[in-house]
Amino acid sequence: MRWRNRTKVSQSDCYTRWTLYTVPWFFLVMGALSLVGDTEQPVLAGALIALGVAQCAFGVDLTRRALACYLGQDGPPRRQLAVHAVLLLGSLTVLVALAAHGEPKEPAGAGWVPVAGLLPIGGAVSLLVRIRTYLLGSVVAAALVALAFIPSGVPRADLVAVGVAAFFVELWVLMLVRCSGWHLSVVWELDVARDAQARLAVAEERLRFGRDMHDVMGRNLAVIALKSELAVQLARRGSPAALDEMTEVQRIARESQREVRDVVRGYREADLHTELAGARSVLAAAGIDCRVDMGGVGTAAGARAEAMSGGRGGGGSVAGGALPGAVQSALGWVVREGTTNVLRHAEALHCAVRVSVAGGEGDGGTAVLVMDNDGVPPAGSAGGGGSGLNGLRERLAALDGTLTAEHRPGGSFRLTAQVPLAAEAAGGAGGVVGVPPPGTAAEVAGPAGAPGRRLSLRGAGRSAGRTAEGAP
């Protein structure tokens with residue numbers, strides 16, 4: 001996979017791993033360059049360099065397996081550790097033999113070769129054991145390295161320096177490799193959490209849809225069942241009021257059918273202010289800086305808040321008056337779908353939402369919502385448009401609105417929705433008519449255009465009982 005097509009999590013993982021793979025080779029090159037032309041024992045020097053090359057080569061697989069074990073993806077690489085320990089012991093043996101011959105003239109430079117071999121095995125051990133255990137082992141290993149140079153006639157002060165240097169190298173390996181492994185674990189856990197957040201958002205939307213269906217069908221079916229029972233009782237007594245009750249049942253059934261369509265199409269009352277606040281909260285939780293600019297355009301929720309506060313609110317979202325309900329509902333769905341796309345299809349750091357009215361706020365005006373975000377992969381690697389945007393286009397088309405989505409330079413993406421304010425008249429200004437829950441009163445229309453009358457469901461239940469007993 002090409003680098004620019006990788007996600008940021010994958011790029012961070014790849015960068016960290018290859019840093020750990022390549023660092024030992026730099027130490028090996030420095031040690032080899034210091035040995036070349038600085039020793040009279042070319043065979044031992046060549047053996048030391050060859051062992052260093054083998055350790056660096058085997059160290060790539062050892063580091064990879066140790067990281068997999070630390071991240072919980074695989075078991076401990078015991079066989080690779082044993083092989084690398086033998087190679088490291090061989091390197092130290094050759095280095096002691098060179099020291100016994102008084103070689104090289106610059107021993108500090110030759111010491112980089114064993115350091116190159118120590119990096120993979122020390123890093124792997126730091127990932128597999130507790131830090132306290134590693135520190136204790138580092139003290140013991142440093143002491144053994146210093147003692148190994150006693151037969152070569154190294155002065156006592158130099159032995160102490162060798163032991164101290166070995167201990168600090170092991171500490172540096174701990175900080176380099178263990179911290180890198182911890183960084184990878186945190187990054188991947190955050191990626192998993194982000195996927196879980198997206199799945200929870202989908203589940204929450206399903207629950208919301210289920211609640212809407214329950215609110216619509218539960219109340220309406222309860223009224224239909226009650227009024228049907230009343231109509232049956234009236235019909236058995238030959239009362240002409242049964243016809244009125246069945247007319248009511250027919251009207252409520254048709255309203256229920258329309259409300260179900262509204263729920264499925266997403267045209268139930270939705271406030272743009274609420275959707276924007278929810279989007280800003282969700283994106284902030286995902287570490288994305290979200291800025292919302294209403295441009296003086298108000299919403300129904302903002303207008304209610306301003307009225308309740310007596311006009312003392314600090315925001316300016318209602319300065320231009322509230323958008324029509326149908327337009328708010330449509331733009332609210334655009335915000336919701338756009339937020340979902342930012343979370344699931346982008347590695348965004350910034351997101352901006354701007355709402356404005358072009359051409360004034362009269363019938364000839366157009367509400368415009370623009371949503372920009374960064375962190376989008378190139379257009380060629382993202383595939384075709386999803387069903388979410390197609391569904392938005394269908395919703396907006398019902399209001400004579402349009403939706404455009406475009407990739408922009410610099411890895412950014414822009415979603416633009418335009419809805420004529422005159423769509424309120426076409427979409428219906430009254431919103432969705434619901435039937436109240438049991439025990440409440442509601443205004444319902446009488447049969448054949450008769451004036452409205454009050455209906456209490458509890459009262460209707462009692463009336464049904466009385467009618468069944470004493471109706472003529």
Side-chain angles (χ1 to χ4, degrees), residues 266 270-284 286-302 315-379 382 385-424 427:
D271 184 66
L272 180 59
H273 175 82
T274 304
E275 296 296 336
L276 289 172
R280 183 158 44 191
S281 175
V282 170
L283 293 177
I288 302 173
D289 179 29
C290 180
R291 300 183 181 275
V292 177
D293 180 13
M294 294 299 295
V297 178
T299 61
S317 64
V318 295
L323 290 174
V327 177
Q328 281 196 55
S329 179
L331 295 183
W333 277 102
V334 174
V335 172
R336 181 177 297 185
E337 179 65 24
T339 303
T340 303
N341 289 339
V342 171
L343 290 174
R344 301 191 65 179
H345 304 304
E347 300 287 338
L349 294 177
H350 304 281
C351 180
V353 183
R354 296 184 300 277
V355 182
S356 60
V357 174
E361 295 190 358
D363 292 340
T366 300
V368 181
L369 185 144
V370 180
M371 191 170 186
D372 291 301
N373 65 273
D374 57 4
V376 179
S387 58
L389 295 182
N390 292 333
L392 283 179
R393 290 189 178 95
E394 293 176 359
R395 289 189 175 101
L396 295 182
L399 299 176
D400 296 329
T402 59
L403 180 75
T404 58
E406 56 179 331
H407 288 265
R408 299 174 64 83
S412 63
F413 184 81
R414 170 170 291 182
L415 187 66
T416 304
Q418 298 183 0
V419 182
L421 296 182
E424 173 73 2

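With hydrogens and angles ignored, the 3.5 Å screen pairs no side-chain donor or acceptor of Gln418 with any backbone N or O of Val368. A side-chain donor-acceptor contact under 3.5 Å links Thr339 to the backbone of Val335.
At least one side-chain heavy atom of Met294 sits under 4.5 Å from a side-chain heavy atom of Leu276. Leu396 has its side chain within reach of Val334: a pair of non-hydrogen atoms, C-beta onward, lies under 4.5 Å apart. Contact annotation: the side chain of Leu415 approaches that of Leu389 to within less than 4.5 Å [non-hydrogen atoms, C-beta and beyond]. Looking at Val355 and Val370, their side chains never come closer than 4.5 Å, going by heavy atoms from C-beta outward. Two residues are said to be in side-chain contact when any heavy atoms from C-beta on lie closer than 4.5 Å; Arg395 and Arg393 fail this criterion. Considering only heavy atoms from C-beta on, Val419 stays 4.5 Å or farther from Thr366 through its side chain. A 4.5 Å side-chain heavy-atom check between Asn341 and Met371 finds every atom pair outside the cut-off.
Arg354 CZ to Thr416 OG1: the interatomic distance, rounded to the nearest 0.5 Å, is 8.0 Å. Atom-to-atom distance recorded for Cys351:SG and Arg280:CZ is 11.0 Å, nearest 0.5 angstrom. The CZ atom of Phe413 sits 9.5 Å away from the NE2 atom of His345 when rounded to the nearest 0.5 Å. With values rounded to the nearest 0.5 angstrom, Glu394 atom CD is found 11.5 Å from Leu403 atom CG.
In this structure, Ala346 and Val376 approach most closely via the heavy-atom pair CB-CG2, 4.2 Å. Shortest non-hydrogen contact noted between Leu399 and Ala326 is CD1-O, 3.7 Å.
Ion pairing of Arg414 with Asp372 is present here, as a side-chain N (NZ or NE/NH1/NH2) and a carboxylate O approach within less than 4.0 Å. Comment: Asp289 engages Arg291 in a salt bridge, judged by a side-chain N to carboxylate O separation of less than 4.0 angstrom.
Residues satisfying the side-chain contact (heavy atoms from CB on, under 4.5 Å) criterion with Ala367, sequence neighbours excluded, are Leu323, Val327, Leu331, Leu421. By the side-chain hydrogen bond (donor to acceptor under 3.5 Å, both in side chains) test, Asp374 is found to be paired with no residue, residues two or more places apart in sequence or in another chain being considered.
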